[in-house]
Amino acid sequence: LVRRRGGLPRRRRPDRSAGIEIDQRPAFRALRHGQPVVCNDVETDASLSTLREQILKRGHRSLACLPLCGTGRPEAVMALFADETGFFDEEESRALLELSGNISFALVHMEKEQELQASELRFRQLAENIREVFWLTDPAKRKILYVSPGYEEIWGRTCESLYASARQWIEAIHPDDRERVLEAAESEQVSGRYDEEFRIVRPDGSLRWIRDRAFPVLRNGTEVSRIT
């Protein structure tokens, strides 16, 4: 594989030792233009005039360079060689294009997965180093998807216990405030209007005042996928 090193490939100085411009190399052309480069006869292909001797010395008579595209641009090239002329016929080329398409799809998936992991790491670094409690639930509030460590300090209960019982935070609310807060949570969190102050009773019997706000997280700009 020939891989791109950030940005568009630049025009480089000639390889003086070999007398070859890098732009003449099939892999570079495939990477630069995002199109397959196929040669079924190295000995007669005019585009390989400066490379012919080197390629033939290695016993190659045909070659194919297929671009592998990441998110919208070629990221690498898959170079294949054959020891006979005419190897990359229409059927073989079709199969190789399908293969390169599958590899390109995998590259895009890997890039998105890496971006997601980096985003999650930044989020956790932020959420786990603030004193406030950051929480994330499903729209129905039946499942806690994430709660920051601040919950343990303020509520006096473990994060694991909240993951096990999503209603624990409600049960901790002072009885005089619980009905009001529960009604507001059910009606106003999905709209982003939820902003409540209430008391909680910690396991040791002490009280804490809480200001709790919530906002919807939208999927495709309209559908509520999370509450935070």
Side-chain angles (χ1 to χ4, degrees), residues 3-7 68-73 75-76 102-228:
R3 183 173 291 276
R4 178 192 295 272
R5 291 188 177 180
L68 305 177
C69 297
T71 50
R73 65 176 189 176
E75 297 288 350
N102 291 337
I103 296 175
S104 295
F105 177 82
L107 283 174
V108 172
H109 179 75
M110 288 170 58
E111 288 178 1
K112 289 183 177 179
E113 187 68 23
Q114 290 170 353
E115 290 173 1
L116 178 61
Q117 290 176 357
S119 178
E120 289 178 349
L121 178 60
R122 290 193 297 270
F123 162 75
R124 288 187 177 275
Q125 288 174 337
L126 172 64
E128 294 179 6
N129 287 281
I130 59 175
R131 295 186 60 191
E132 290 79 5
V133 179
F134 183 91
W135 51 268
L136 188 67
T137 74
D138 67 314
K141 294 176 288 298
R142 296 191 182 95
K143 183 177 182 181
I144 301 294
L145 303 175
Y146 177 80
V147 63
S148 65
Y151 176 79
E152 297 188 351
E153 180 180 349
I154 296 174
W155 256 257
R157 296 165 172 83
T158 66
C159 294
E160 287 75 13
S161 64
L162 183 62
Y163 286 127
S165 176
R167 291 184 62 84
Q168 185 190 81
W169 75 276
I170 297 174
E171 295 165 357
I173 297 175
H174 192 284
D176 293 346
D177 300 335
R178 188 178 300 149
E179 184 176 352
R180 167 179 58 84
V181 174
L182 183 57
E183 182 179 338
E186 292 176 344
S187 63
E188 297 181 356
Q189 285 188 355
V190 294
S191 67
R193 297 193 303 268
Y194 178 82
D195 188 348
E196 295 291 325
E197 291 187 5
F198 54 86
R199 293 161 292 177
I200 62 169
V201 182
R202 290 160 51 89
D204 61 5
S206 61
L207 298 180
R208 289 283 181 91
W209 275 97
I210 303 296
R211 183 186 180 188
D212 193 22
R213 291 182 291 177
F215 306 92
V217 178
L218 302 181
R219 180 189 295 123
N220 299 325
T222 55
E223 179 186 357
V224 177
S225 62
R226 300 285 189 271
I227 300 293
T228 183

Side chain to side chain, [X] and [Y], heavy atoms closer than 4.5 Å:
X      : Y      : answer
Ile144 : Thr137 : yes
Arg157 : Leu162 : no
Ile227 : Val190 : yes

Hey, could you give me the [atom1]/[atom2] distance between [X] and [Y], rounded to the nearest 0.5 Å?
X      : Y      : atom1 : atom2 : value
Ile200 : Ile173 : CD1   : CD1   : 8.5 Å
Thr228 : Phe215 : OG1   : CZ    : 8.5 Å
Lys141 : Leu182 : NZ    : CG    : 8.5 Å
Asp204 : Arg202 : CG    : CZ    : 5.0 Å

With sequence neighbours excluded, residues passing side chain to side chain donor-acceptor pair (under 3.5 Å) with Glu223: Arg219
All side chain to side chain donor-acceptor pair (under 3.5 Å) counterparts of Ser225, not counting sequence neighbours: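 Scan of Ser225 (side chain to side chain donor-acceptor pair (under 3.5 Å), adjacent residues dropped) gives none.
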Expected output: side-chain Tyr163 to main-chain Val147 donor-acceptor under 3.5 Å: yes
Please table the atom pairs, donor to acceptor, closer than 3.5 Å between any side-chain atom in residues 149-156 and protein atoms at least two apart or in another chain.
| unit_1 | atom_1 | unit_2 | atom_2 | d |
| --- | --- | --- | --- | --- |
| Tyr151 | OH | Gln168 | OE1 | 2.5 |
| Glu152 | OE2 | Cys159 | N | 3.0 |

Qualifying side-chain hydrogen bond (donor to acceptor under 3.5 Å, both in side chains) pairs with a residue from residues 178-187, counting only residues at least two apart or across chains: Arg180-Glu196
Listed once per pair and sorted, the side-chain hydrogen bond (donor to acceptor under 3.5 Å, both in side chains) pairs that draw on residues 208-217, sequence neighbours left out: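 Those involving residues 208-217 are Trp135-Asp212, Tyr194-Asp212, Asp195-Arg211.
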Presence of salt bridge, Arg199 and Asp177, under 4.0 angstrom: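 Answer for the salt bridge query: yes.
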Minimal non-hydrogen separation, Ser148 against Glu132, with atom names: OG-O, 3.4 Å
Sequence-distant partners of Glu160, salt bridge (charged side-chain N to carboxylate O under 4.0 Å, His left out), two or more places apart: none
